[in-house]
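First comes the structure, then the notes that go with it.
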Amino acid sequence: MKTFMGGFPNHLYIHWPFCSSKCHFCDFVAFEQHEDYQEAYHKTLYKEIETFAQTFPLETRKPKTIFIGGGTPSLYPLDWMEQFFDLLKKECGMSLCQEVSMESNPADITEERLDAWDFFGITRLSMGVQCLNDDVLFKLGRRQRKKDVYNAIKIIPKYIDNLSIDLILGLPGVSVTEWKQMLKEVVSWPINHISIYFLMIHEKTPLYFKVERKQVSLLEDEKIVDLYDYTVDFLAQHGFEQYEISNFAKQGYTSLHNQAYWDRSPYKGFGVGSSSFDGKYRLKNDPNLENYLKSLQSHPFSAPFSSEEITKKQELLEVLMLGLRQKKGVDLHHVLYSLESDENKAFIQNLSSLIKSGFIEKNNQTIRLTRKGMALENEVIIRLV
Ligand code: SF4
């Protein structure tokens with residue numbers, strides 16, 4: 001099967017899956033205490049990127065964004081990272097990129113690392129703050145503490161001036177007052193982007209079992225909706241405009257890489273469990289670490305992956321799901337044009353009922369989620385389609 005027939009993708013995602021410990025809410029492809037695997041992983045990742053890049057003529061390899069996520073890529077050893085960025089510059093046209101982002105944990109931020117990351121060409125840091133309550137952080141198995149965040153905020157701007165932070169809304173132990181206090185504090189920091197994620201309770205995570213055993217209690221849905229509403233207004237008053245359900249930016253600082261996902265632009269993911277989209281197929285690398293590492297021995301090199309061709313119906317569903325999340329919304333004409341006539345009728349009925357209940361708004365031919373709809377996004381999309 002030939003993929004990426006449209007050429008070298010504009011967006012690259014690179015996965016460093018190792019964490020020093022696993023957070024209690026996390027269901028990402030991330031591994032704790034796997035130090036012995038890291039060198040082999042680095043070599044496999046290197047080979048995967050090199051092999052993919054070399055299937056395209058050098059002069060066509062001009063990505064717009066690169067995103068290094070995890071896991072905890074801020075723990076990627078600097079000497080390996082240097083080799084890896086040399087590869088991105090030599091084989092993937094990294095110097096032409098508009099945005100090179102990396103995720104980081106506040107506990108890993110040191111002047112030595114920042115100096116190196118800046119030298120390698122990282123232009124944007126995304127830092128997982130989550131909350132500023134040390135007791136809550138401890139109980140969630142997070143490694144950083146409030147003092148690490150304050151230290152990071154102080155030294156990052158000396159090296160990298162494009163900084164985003166992540167917060168989680170609805171963490172057990174963070175009261176409404178505390179959340180509001182935290183927002184007040186973060187808007188005074190030298191940051192230009194904030195991602196606010198709703199706490200998700202993923203099955204079989206330690207937090208899921210604690211919730212099941214009623215060892216922790218969560219905020220009720222109505223309180224979350226109110227708090228989200230408050231947050232969107234508060235951030236707007238302080239210069240952070242919402243452009244997607246979870247994302248708020250000062251003018252000129254939206255995340256170009258994430259925007260590509262929501263706009264269904266082709267992107268290539270490298271590393272264990274990473275996803276790719278070439279415009280026609282959704283591809284997924286094997287999430288099993290051993291299987292991924294074994295591919296280093298394959299000749300010619302090939303990382304194991306699964307693929308799915310996107311049907312017209314799935315495409316429409318994606319357009320709706322990804323488009324409704326964004327402030328700019330979805331073109332209703334496009335949706336109706338893509339549906340069969342019987343589906344068309346059902347869709348219009350569902351849409352009218354969701355507009356009436358205040359979950360979706362329609363402006364000329366553009367539909368988008370309202371605030372209330374955003375806070376209950378999954379249910380709204382299910383009801384719509
Ligand atoms: S640091 Fe991130 S990837 Fe690692 S366990 Fe925590 S939430 Fe998951």
Side-chain angles (χ1 to χ4, degrees), residues 13-38 41-42 45 66-77 80-81 101-110 113 117 122 124-149 151-153 156 163-174 182 193-211 216 218 246-247 255 257-258 261 269-275 284-289 292:
Y13 172 82
I14 295 154
H15 193 63
W16 179 258
F18 304 106
C19 297
S20 57
S21 58
K22 192 115 191 208
C23 306
H24 296 179
F25 51 82
C26 178
D27 79 332
F28 296 147
V29 180
F31 310 97
E32 57 181 344
Q33 291 159 9
H34 272 62
E35 284 77 11
D36 296 350
Y37 291 76
Q38 294 188 10
Y41 185 85
H42 164 68
L45 190 59
I66 296 179
F67 192 100
I68 301 146
T72 310
S74 47
L75 286 175
Y76 204 146
W80 296 345
M81 217 184 208
S101 293
M102 190 177 80
E103 289 177 341
S104 60
N105 183 307
D108 302 332
I109 304 292
T110 62
R113 283 193 174 120
W117 297 340
I122 291 171
R124 181 177 184 271
L125 269 192
S126 166
M127 186 165 72
V129 172
Q130 321 312 6
C131 78
L132 291 175
N133 180 321
D134 280 352
D135 187 44
V136 172
L137 291 166
F138 172 74
K139 287 185 178 145
L140 290 171
R142 286 289 295 179
R143 197 157 43 95
Q144 93 265 14
R145 295 294 173 263
K146 196 159 69 174
K147 67 169 178 26
D148 299 315
V149 177
N151 172 56
I153 292 298
I156 289 172
L163 174 61
S164 172
I165 60 161
D166 292 353
L167 302 174
I168 301 181
L169 177 60
L171 284 175
V174 177
M182 178 172 69
H193 189 279
I194 304 180
S195 299
I196 309 259
Y197 297 109
F198 295 103
L199 176 69
M200 306 289 281
I201 308 293
H202 298 287
E203 269 189 37
K204 297 192 182 139
T205 57
L207 187 58
Y208 169 83
F209 293 116
K210 276 190 189 166
V211 172
V216 294
L218 302 172
S246 297
N247 288 284
S255 159
H257 187 84
N258 288 339
Y261 294 151
F270 299 98
V272 65
S274 65
S275 308
K284 192 165 167 51
N285 275 2
D286 194 324
N288 180 297
L289 185 59
Y292 178 73

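Numbering of ligands and ligand atoms starts at 1, following listing order.
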Checklist entry - Under the ring-ring contact (aromatic ring centres under 6.0 Å, His included) criterion, do Phe18 and Tyr41 qualify, and how do the steps go? => result CA-CA 10 Å; Phe18 304 106; Tyr41 185 85; 5.3 Å; yes

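Protein residues with a heavy atom under 4.0 Å from ligand 1 are Cys19, Ser21, Lys22, Cys23, Phe25, Cys26, Phe28, Ala30, Gly71, Thr72, Arg142.
A tilted orientation is assigned to the rings of His34 and Phe31, their planes being inclined by 30° to 60°.
Within 6.0 Å of atom CZ in Phe209, more than 12 heavy atoms from other residues, nucleotides or ligands are found, so the atom counts as buried in its surroundings. More than 12 heavy atoms of other residues, nucleotides or ligands shown are found within 6.0 angstrom of NZ on Lys284.
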Name the atoms and distances for all side-chain donor-acceptor pairs under 3.5 Å in residues 103-110, with sequence neighbours left out.
unit_1: Glu103; atom_1: OE1; unit_2: Gly70; atom_2: N; d: 2.9
unit_1: Ser104; atom_1: OG; unit_2: Ser126; atom_2: O; d: 3.4
unit_1: Asn105; atom_1: OD1; unit_2: Ala107; atom_2: N; d: 2.8
unit_1: Asp108; atom_1: OD1; unit_2: Arg143; atom_2: NH1; d: 2.8
unit_1: Asp108; atom_1: OD1; unit_2: Arg143; atom_2: NH2; d: 3.2
unit_1: Asp108; atom_1: OD2; unit_2: Ser74; atom_2: OG; d: 2.7
unit_1: Asp108; atom_1: OD2; unit_2: Arg143; atom_2: NH2; d: 3.0
unit_1: Thr110; atom_1: OG1; unit_2: Arg113; atom_2: N; d: 3.1

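By the 4.5 Å heavy-atom criterion applied to side chains, Phe25 and Thr205 are not counted as neighbours.
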